[in-house]
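Letters A, B, ... mirror the listed sequences (proteins, then strands); counts begin at 1. This one's a predicted model, so the numbers in the text were calculated from it and none came from an experiment. Side-chain atoms are counted along with the backbone in the values below, which use heavy atoms only and exclude waters and symmetry mates.
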Amino acid sequence: MAVAQRSGRSRYRLLLLILTAATLLTLDFRGFGPLDTAQSRVRDVLEPVVSAVDVVLGPVAEVWTVMFTYNDLRSENERLKDELDRLASADIRNAAEQDALERLLDATGVTFVEGVERLTATVLRDSVGNFDDDVMSIDVGHRHGVAPGMAVVTSAGFVGRVETVDAALSTVTAVSDPSLVVGVRLLDTGDVALGHGMAGDPTRFVVDAGLRWPETGDLSELPAVGSPVVTSAGSRYPADIPVGRVASVEPSEAGLAQLVTVDLAADVQDLGYVTVLLLTPTDEAPVGPDSPFPEQAP
Amino acid sequence: MTASQPVQSVLRGRRLLAGGSVAMIGLRLIIVYLFALLLQLTFFSQVRVAGVAPELPALVAILAGLFAGPRRGSVIAFCAGLMWDIYLSTPLGLAAASFVIVAYTLGGITEDLFHDTRLQTLLLVFVGTAAMVTVYALLGEVVGQRGLIDDRLPRVVLIASGWNALLSLVAAPAVRWAAGSGPARSRTRRREPTASPLKGR
């Protein structure tokens, strides 16, 4: 009797916990403000501890990295040697500093967006879990004027969007994330469409919505391989930020639409510095001739 | 002063003692969990095998299910998952839900079946982690998260489970201490206190 009662209470508790989780999921999907604020506060409180532990354990983790990424390091070393020869630099230390400087300049030397205030940020950490490879933390937050949805770029092109913003820390979802949908324009044809990252390949981007396969069968209407792809004016981000170059164009499964694969311009895997474009993002993409969304009938 | 007053006083004292014990268990669990979380956020964001890190918050949740039983274990697992959700890019509640389901199931099916050995804990943690990661990915896809189920999933499941099984050798005594569970789990120790047969007489 007692065992049955205990089992019943236990199931009741399980149900209650799952319902709580489902409620939180729903609120999070709906963008319930206080929930975001509460999460942000918790991260803010723990951040000094996380940073301190990072400083203490960083060297130990470096040892592991050195031990198990020896081959990568060796190829990087060869690259650095080449660079050394080219620059006629004196020693490896100088080369490493030069490399860091170049990466910083790469991040700050953005030329394709005019009239937008920018903020340079350091990439602190890559993903913390096993399913968020396309997420990175940067060292700027709402204290510095950063807001969710802002575009993040390097001189190479579009890197991603600011996702969560804490006081002095933000997370960025990289353009390689399959969940991040970006409005793009194919410069060769002038077509506007929607694309997202390719699952399992962080160097590729797929444009799979909004491009019709030529009804006439004239393949010259397709975008040329190697032609540039940029953010469209109708997207949530400033227009004309380079996204990448067309790698291939295929018909989609039904044969009615184009499936354009794009080689991403920016390497989102090994970033040291990035630039945040401090432009308040638009929540709704405008409807118009340059919009990836068709005009709504009244 | 009536005769029942000393009895009530003793009972109140016991209740207070029990309350303090619950608070201590809570505090110990928070310490152990925060330690695991900090390691996950810092050390294991760099230290990975084939790009896969252990799932320390899941490890704490599984061990809580094993050592504290399905009732208390599921609550601990829920809190562990919720805290982990704050740092993940997936929606809040996803890890909490998957942790609860697996911790409850694991705690329930092992409650009256096994006695505690290190090898057994290791195997249960391996299976539990595999289940947790899979349930997390499945639930994520159900709620519309892209890219959780792909070719990489089996690798993540196997390596993360291996990591957790290995780390359970260190984590199991810590969680056992934190959850206030005895060193050797047995049927009688795992069972929650039953009502006294003299109660009500």
Minimal non-hydrogen separation, S74(B) against R13(A), with atom names: OG-CD, 4.3 Å
Select one option (side chain, backbone, both, neither) describing which atoms of Q39(A) are under 4.5 Å from chain B's heavy atoms. both
Name the region of L153(B), side chain, backbone, both or neither, that has any atom closer than 4.5 Å to a heavy atom of chain A. side chain
Between I31(B) and F35(B), is a side-chain contact (heavy atoms from CB on, under 4.5 Å) present by the stated rule, with each step listed? CA-CA 6 Å; I31(B) 291 168; F35(B) 186 72; 5.6 Å; no
Counting heavy-atom pairs under 4.5 Å with chain B, the top scorer among L17(A), L57(A), D134(A) is L17(A)
Could you give me the CA-CA distance, side-chain angles and deciding distance for F99(B) and W84(B), then say whether ring pair (Phe, Tyr, Trp, His ring centres under 6.0 Å) is met? CA-CA 10 Å; F99(B) 282 19; W84(B) 185 218; 8.1 Å; no
Residue F78(B) versus chain A: region with a heavy atom under 4.5 Å: side chain
What I want to check is whether the side chains of D139(A) and H144(A) have a donor and an acceptor closer together than 3.5 Å. no
Relative to chain A, which segment of P57(B) carries a heavy atom at a distance below 4.5 Å: side chain, backbone, both, or neither? neither
Against chain B, work out which of L35(A), T171(A), I18(A), L46(A) has the most heavy-atom pairs shorter than 4.5 Å and name it. L46(A)
Using non-hydrogen atoms and a 4.5 Å limit, figure out which bit of F29(A) sits close to chain B: side chain, backbone, both or neither. side chain
Would you please test L139(B) and Q145(B) for side-chain contact (heavy atoms from CB on, under 4.5 Å) and show each step? CA-CA 9 Å; L139(B) 278 180; Q145(B) 297 293 299; over 6 Å; no
Modelled atom types, side-chain donor and acceptor of T42(B) and D54(A), under 3.5 Å: no
Ranking T164(A), L14(A), V55(A) by heavy-atom pairs under 4.5 Å to chain B gives rank one to L14(A)
